[in-house]
Amino acid sequence: MNILVLNFFPAFYPATSGGELRYYNLYNNLSKFHDVTLLSPTYSDSELECITHSTTFREYRIPKEDIFNTLHMEMDTLNICTEISALVCALSAEYPNKYHEYYNILYKSADIIIHEFPYMLNYDIYFGFDDKPRIYNSHNCESKLVEQMWSGEHSKQYIDFIYGLERKLCEGSDLVFATCQEEKESFINEFNLCRDKVILAPNGVNQNEYVNNASLANKAFFIGSGHPPNLEAVEYIINVLANKTKEVEFHIAGSCCNWVKNKKLPSNIILHGIVSDDEKRDLFNTAGIAINPMFSGAGTNLKTLEFLSSGVPMISTPVGVRGIQLKDGVHFLLANSDDFSDKIRHLLADI
C-alpha cells in the first residue's frame, strides 16, 4: 500500500527525542513492506525538501511559513506552556499554506492516511468524507497530556480544542494505536470507543545499540528533549538531587539542557546538550546509574526503554515507568520526590 503519514515534527535521524525515535524507526521498518511517505513541517529557515530515506520511504519537509511565526508569537503572550509548537501547527490549518498544498498532491496516491497526533487533523480536509482508511497512531492520549501541561487563564479553550480534535480523530479513524494498556483503556473510556478498534503498538528500541561496558559509580545520567515533563525533571535534578547528593555527578543530555544552560548550576551538574549517536552511546556506556524523575506525562517513556536496554541500573518515579510492566527491586528501583536521593545512595552502594 501507499501510506501517507501526517505529523507536526520531522523524522530527524539520528533522533533527538523519544517522539522522533518512534516516528523514524516505526516507518523505516514499515517501509520494508509498504511504500511510506511522511509529510512533516520543519523549521522556517529550512529549504523545502524531499528526504529519501530509502526507495520505499521518503519524507517531505515543509518549512513553516509566516503564519506559524505570527501564531507562535500570539500564543507566547498567553503563557499557556513553554512548548506550544504542536498547538501552533493545529491552529495553522485554518490558514492556507504549503502543507495544504503538499497534502493535496500526496493525498491522490495514498491508499491509507495515518495521523501521529491530532494536531494536523484539520489539514486532512477529506477526513470523514472519503473512503480512505485512517489510523491514529498515538504517542500519548494527547488531550490528557495537555491537560497536565497547559495552565493559566487562557488554557481551557485550547485544552478543549485539542480534546475536540482527538475525539474527532478517534471516532473517525478505522483503528487507534495505543502505546500501552493504560493508554488503551484511556481512549476506550474517554471517547467511548469499541474495544476492538484500539490496538496496542508499544514503543521499542534497538537493544543492540545500548551496551553498558564501563560504568562509573558516581555518574548519574538523564536524557530528554525540551518536552515540558522533561524540563520539570531537570529542574528537580538541579534544585533537589544535586544538592542532596553532592558526591554524585549528574550528567544531563538532550535539548532539555537548552532551558538551563545560562543558569548558575551546582558544580556536580554537567550539561551535554544535544549529542551525536556516538556521544549518546558513550554516555550510556559510562553511566553508573540512570535516573528518571518524571512527575508528569502520558504514554510510555522511551528513555526508560533505552535505560533498560543499556543495562544501566535505573531509579524512576512511577510516572517514568508508566505503561511498562516492571517490578520494583527486580527491573529498577522505585522512588518518589522525597526519597529519590536516598535511593541513589542505596543503589550506588551496590555498584
Side-chain angles (χ1 to χ4, degrees), residues 7-24 40-46 61 63-64 68-69 71-89 117 119 139-140 145-146 148-152 219-243 249-284 287 290-299 301-304 306-307 319-320:
N7 196 7
F8 76 93
F9 58 79
F12 290 128
Y13 186 82
T16 60
S17 70
E20 290 175 9
L21 195 66
R22 177 181 172 93
Y23 190 27
Y24 173 83
S40 318
T42 190
Y43 301 114
S44 57
D45 57 355
S46 301
R61 294 181 182 168
K64 296 177 181 177
F68 288 83
N69 297 327
L71 289 168
H72 210 293
M73 287 188 289
E74 289 179 6
M75 291 297 104
D76 275 340
T77 64
L78 301 181
N79 295 316
I80 294 172
C81 186
T82 55
E83 175 51 59
I84 55 172
S85 59
L87 174 58
V88 167
C89 284
F117 292 86
Y119 299 108
H139 291 226
N140 319 282
L145 180 61
V146 299
Q148 290 181 46
M149 295 192 306
W150 296 355
S151 60
K219 181 176 176 180
F221 179 47
F222 176 86
I223 187 169
S225 67
H227 192 41
N230 289 328
L231 303 185
E232 184 182 21
V234 170
E235 183 178 21
Y236 175 76
I237 294 169
I238 292 171
N239 294 334
V240 178
L241 295 184
N243 292 318
E249 283 187 355
F250 293 91
H251 291 253
I252 303 172
S255 56
C256 60
C257 295
N258 295 338
W259 180 66
V260 293
K261 63 182 179 181
N262 294 321
K263 296 184 178 182
K264 184 175 176 59
L265 302 174
S267 60
N268 56 337
I269 293 287
I270 296 92
L271 301 180
H272 295 269
I274 297 174
V275 293
S276 67
D277 264 5
D278 288 341
E279 291 169 328
K280 178 179 176 181
R281 194 173 295 112
D282 183 62
L283 286 166
F284 273 102
I291 56 172
N292 200 16
M294 304 292 288
F295 301 102
S296 61
N301 201 285
L302 267 158
K303 69 173 68 62
T304 296
E306 291 183 297
F307 290 149
V319 174

When rounded to the nearest 0.5 Å, the distance separating CD1 of Ile84 from CE of Met149 is 11.5 Å
One should read off an interatomic distance between His139 NE2 and Tyr23 OH, to the nearest 0.5 angstrom, of 8.0 Å
What one should report as the nearest heavy-atom pair of Ala86 and Tyr119 is O-CD2, 3.4 Å
Check: Ignoring hydrogens and geometry, is there a side-chain-to-backbone donor-acceptor pair from Gln148 to Leu145 under 3.5 Å?
Finding: no
With Leu231 as partner, the option from Ser225, Cys256, Ser255 fulfilling side-chain contact (heavy atoms from CB on, under 4.5 Å) is Cys256
Salt bridge flag under 4.0 Å for residues Asp277 and Lys280: no
Item to complete: Decide whether Glu83 and Ser85 meet the rule of one side-chain donor and one side-chain acceptor closer than 3.5 Å.
Response: yes
Closest heavy-atom pair, Val275 versus Ala253, reported as atoms and distance to 0.1 Å, is CG1-CB, 4.3 Å
When rounded to the nearest 0.5 Å, the distance separating CG of Asn79 from CH2 of Trp150 is 14.0 Å
- Ring centres under 6.0 angstrom apart (Tyr24, Phe12): no
Between the CG atom in Leu271 and the CG atom in Leu265, the distance rounded to the nearest 0.5 Å is 5.5 Å
Inset, instruction - Apply side chain to side chain contact (heavy atoms under 4.5 Å, CB included) to Val88 and Phe8, showing your working. - result: CA-CA 9 Å; Val88 167; Phe8 76 93; over 6 Å; no
| query | Taking the six-membered ring for Trp, are His251 and His272 parallel (under 30°), tilted (30 to 60°) or perpendicular (over 60°)? | reply | parallel
**Request:** Could you tell me whether the side chain of Glu235 reaches within less than 4.5 Å of the side chain of Trp259, counting heavy atoms only?
**Result:** yes
Hey, would you say the Phe221 and Phe250 ring centroids sit under 6.0 Å apart?
no
Would you say Ser296 and Glu232 make side-chain contact, with heavy atoms under 4.5 Å?
yes
Exercise. For Glu74 and His72, does a side-chain donor sit closer than 3.5 Å to a side-chain acceptor?
Worked result: no
Residues at least two apart in sequence or cross-chain that pass side chain to side chain contact (heavy atoms under 4.5 Å, CB included) with Ser151, listed by chain then number, are none
CD of Glu249 to CD1 of Ile270, rounded to nearest 0.5 Å, is 4.0 Å
Rounded to the nearest 0.5 angstrom, the CD1-CG distance for Ile238 and Asn243 is 10.0 Å
In short, Cys257 meets Gly273 closest at the heavy-atom pair SG-N, 3.4 Å
- request: With the side chain counted from C-beta on, respond yes when Cys89 and Phe68 share a heavy-atom pair under 4.5 Å apart, and no when they do not.
  value: yes
Are any of the side-chain heavy atoms of Ser44 and Asn69 separated by less than 4.5 Å?
yes
Practice item. Consider only side-chain N and O atoms of Asn7 and Ser40, and report whether a donor and an acceptor are under 3.5 Å apart. Key: no
#### Entry: Sub-4.5 Å side-chain heavy-atom contact between Ile223 and Leu283
no
(Q) Could you check whether any side-chain heavy atom of Met294 comes within less than 4.5 Å of a side-chain heavy atom of Asn230, counting everything from C-beta outward? (A) yes
Compare all side-chain heavy atoms of Ile291 with those of Ile237 and state whether any distance is below 4.5 angstrom. yes
